[in-house]
Amino acid sequence: MKEIVNLTKLFINESLGFSLFFYNQKFNKKEFYKQLFTLIIVPVALIPAFFMYVSLMSATYFGLTMINQTSVFLSIGYIMATVLIIVFGIMYILSEFYFSDNIEELIPLPISQRKLIIAKFLSILVFEYIFAAFIFLPILIIYGVGQGMGLLYVLLSFLIFLTIPVLPLSLMTALIMLMMQSASLKGRKDMLQIVFVFIGIAVIFGVQIWFTSQLGNGDEVDFQLLMNTMLSNNEGILNIIGYAMPTSFLMAWALNKITLMSFVWVGALLGITLLSGALMVAIGERVYIKSIVSGKSMKKGKQLSGAERSKALGKKSHGAMAVFTMDLRLLLRTPVYFFNNVSVVIIAPLCVFLSFYFIKIPPEDLQGMQEFFRAMPVLINFLLISFFIFFGGTSATTATTFSREGKASWLTRMIPVTARDQIVGRTGVAMLIQSLGIVFTIIAIQLIFPLTLSTLLLTVVLGILGSLPILLFGLFMDMNRPLLNWDNPQKAIKNNMNVVITLFVGMAYTGLLIGISGLLGYFVNPLLGYGLFLLISIGISVVFYQVISNRLEAEFLNFE
Amino acid sequence: MLKLEQVSKTYGNKNEKAVDNVSFEVHPGEIFGFVGPNGAGKTTTIKMIVSLLAPNSGKIRINGIDNQNDILAAKKQFSYVPDSPELFEKIKGIEYLKFMADVYQVPAVERQERIEKYLDIFEIKDAVNDPIGSFSHGMKQKLALVGALIHDPQVFILDEPMVGLDPKASFELKKIMRDHCDRGRSVFFSTHVLDVAEKICDRIAIIKKGKIIEVGTMAEIREKAGSQESLENIFLELTE
């Protein structure tokens, strides 16, 4: 047991970098204050989002009280927490079990496989409990207070809370272990990671679409009938939800009405959770270490002939193009980077398309909306522009551009590439990804609202130019405080404050820019609005370009 | 060709200097060895030369160019291979070499000739289309060496180059270093393998606790030490 605790501490320390933090406290104050700032600012920045979430959940609870469906509240929360734990957990499981370097150092040591697996799982679980506390505890509290529950509810809720991340994570870990040991998939672990993440997203979409289809929508004839069923039967939706995730039945039976049977249901839930954990450990013992030591996990390329090598080496390219190509390759080939920086341009347009598709707007409403937008071109143009800026502002491509290189960044800092080429190459990658998002969005929108060529040209050009200051600000942030000391690429993105800062600053800037120029365009003259937009975007971009250009070479000297 | 004048470096808020008032010069056509115990300041000195770290004081000139005033021009004068070259794991070997050829603006014909030559010498031709992440430590080092030689640098700077290389590659590298210097260029490298330093270096500097304690040819070092012993014995006496 002591060994498991020590190993778990080691893995957590490795993930969070406590040792480095305390070393910096003594010997590198500048770095220490940077880390301290991050530790304080992240929870502070999340406070508004947390309050919004709690308010939303409270409103949902009161809404359900009105239609006599309060028992659904806990089940919805349970499913939501489980789905989110699975989606975010996939990355943690893959990182801890398959992408962390520590396993190769630990395998030769006389530590049993079981202890390694349990400790790795526990180190993931600690983070997931914190996550689950933010998602599920407010739901338990809102329901408990709303229903005037007593001490027994608190005790049973606590026990159920303990099971919340274990069950989905252990089953997901077991599934991932089985997939990763599959001989036919050897050498394709990067591809597998992307597949797993998209499966996670598909689960979310699946649940959402399934709910939509189960609950119907406002235009369907049987809406009244459905409402009647819901109003007359408190457990109407509960059954629907329960079939999707059977353990939610146990949780609902245990907490909706506290009786002696509640202890039996909680006991059953604890038993199932323990069994799932044991199953994961048993599968892990059979396949995990075996798959790690089975050989190289990267797919090899084919041998090249002299002519092929010569072709691959090509002719002399411009420095900016070399930086662009390298940055793009790293982004597309590293699953964590791909998912965080690129997938948004696929997912967001898909959301647009699916929401249009599933909402099933009646033709007369659709026509009305189209007429409204035709009458208010300024409004639709600025709406589109802000959506296009969204792709530039949220991808965090430039805000992590140096961080993503990690310990290999010595190369970037040593080579004789001008600051201008670095800026053009790295910003170019972000703009390419943004452009992909724009193209996908246009395709999705075009199917519902056909747009004129002039609208498209205007919004695309202004959307890209409008996001340029955010991209350059991201580059400026990463130039000043790159996160290079990581052993797992996930940390370059997830532990990187530059992403959060760029996102918040980008959102504030976009709001102001769209607000001011939109109002000018709407109330005074559209051309004036677009002109001001252009002027501000180009002005800020030029300032950031100059600052980065003048500082980059000097900042490279401060990277370590 | 490479000149350091009173260069010092302190890390963080530590009072002790990692590099303390270091001065020496590497001449054209010279293989210059840089030896010292662990933590003596070898890697810090090298990182300041190759513009990965800024010195707190002092001047570094590479081929006459001040590496703090004209960083870009200075960078074009050298190439560097660190002791444990961390390269972009997801990139193929051939893509890495193209990248290096592009950033040093090496023309098509020359890049092909040089890459073919060095891939043959280091025997990694068959692996060059594989992702670097699948390479062993030694293969990564060989790839980094090929990438560093692609633009035929004026000053070739290496940190512990023999660590991780197999005996044949080690032998070939020593030959390349000599050939490089015979063409009027320079090689500056740090090493713990004193045998190698004694055999191939034209001059050697010994660093201890951030300070240069000895610099010169083997004969000069022996003369100052008043001993005809090997570099290993002299080194042990000087650094104890």
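Letters A, B, ... mirror the listed sequences (proteins, then strands); counts begin at 1.
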Value for CZ (B:Arg114) from CG (A:Leu313), rounded to nearest 0.5 Å, stands at 12.5 Å

Let me confirm one number: the CE-CD1 distance from A:Met414 to B:Ile71, rounded to the nearest 0.5 Å.
14.0 Å

Where does A:Thr325 contact chain B at under 4.5 Å (heavy atoms): side chain, backbone, both or neither?
neither

Salt-bridge test for A:Arg333 and B:Glu95: reply yes if a basic N is under 4.0 Å from a carboxylate O, no otherwise.
yes

Greatest number of heavy atom pairs closer than 4.5 Å to chain A - which of B:Pro82, B:Ser51, B:Ala108:
B:Pro82

Between B:Leu72 and A:Glu553, is there a side-chain heavy-atom distance shorter than 4.5 Å?
yes

Calculate, to the nearest 0.5 Å, the distance between atoms CZ and NZ belonging to A:Arg413 and B:Lys47 respectively.
7.5 Å

Show your reasoning for whether side chain to side chain donor-acceptor pair (under 3.5 Å) applies to B:Lys98 and A:Ser317.
CA-CA 9 Å; B:Lys98 175 170 168 40; A:Ser317 296; 3.3 Å; yes

Is there side-chain contact between B:Phe99 and A:Ile415, with heavy atoms separated by less than 4.5 Å?
yes

Interatomic distance, B:Ser84 atom OG to A:Trp410 atom CH2 [nearest 0.5 angstrom]:
10.0 Å

Less than 4.5 Å to any heavy atom of chain B: does that hold for the side chain of A:Phe556, its backbone, both, or neither?
both

Taking side chain as everything from C-beta outward and backbone as N, CA, C, O, which of these in A:Leu411 sits under 4.5 Å from a heavy atom of chain B? Side chain, backbone, both or neither.
side chain

Can you tell me how far apart NZ (A:Lys316) and OH (B:Tyr104) are? Round to the nearest 0.5 Å.
15.0 Å

Rounded to the nearest 0.5 Å, what separates atom OH in B:Tyr96 from atom CE in A:Met326?
8.0 Å

Are any non-hydrogen side-chain atoms of A:Arg309 and B:Ile115 less than 4.5 angstrom apart?
no

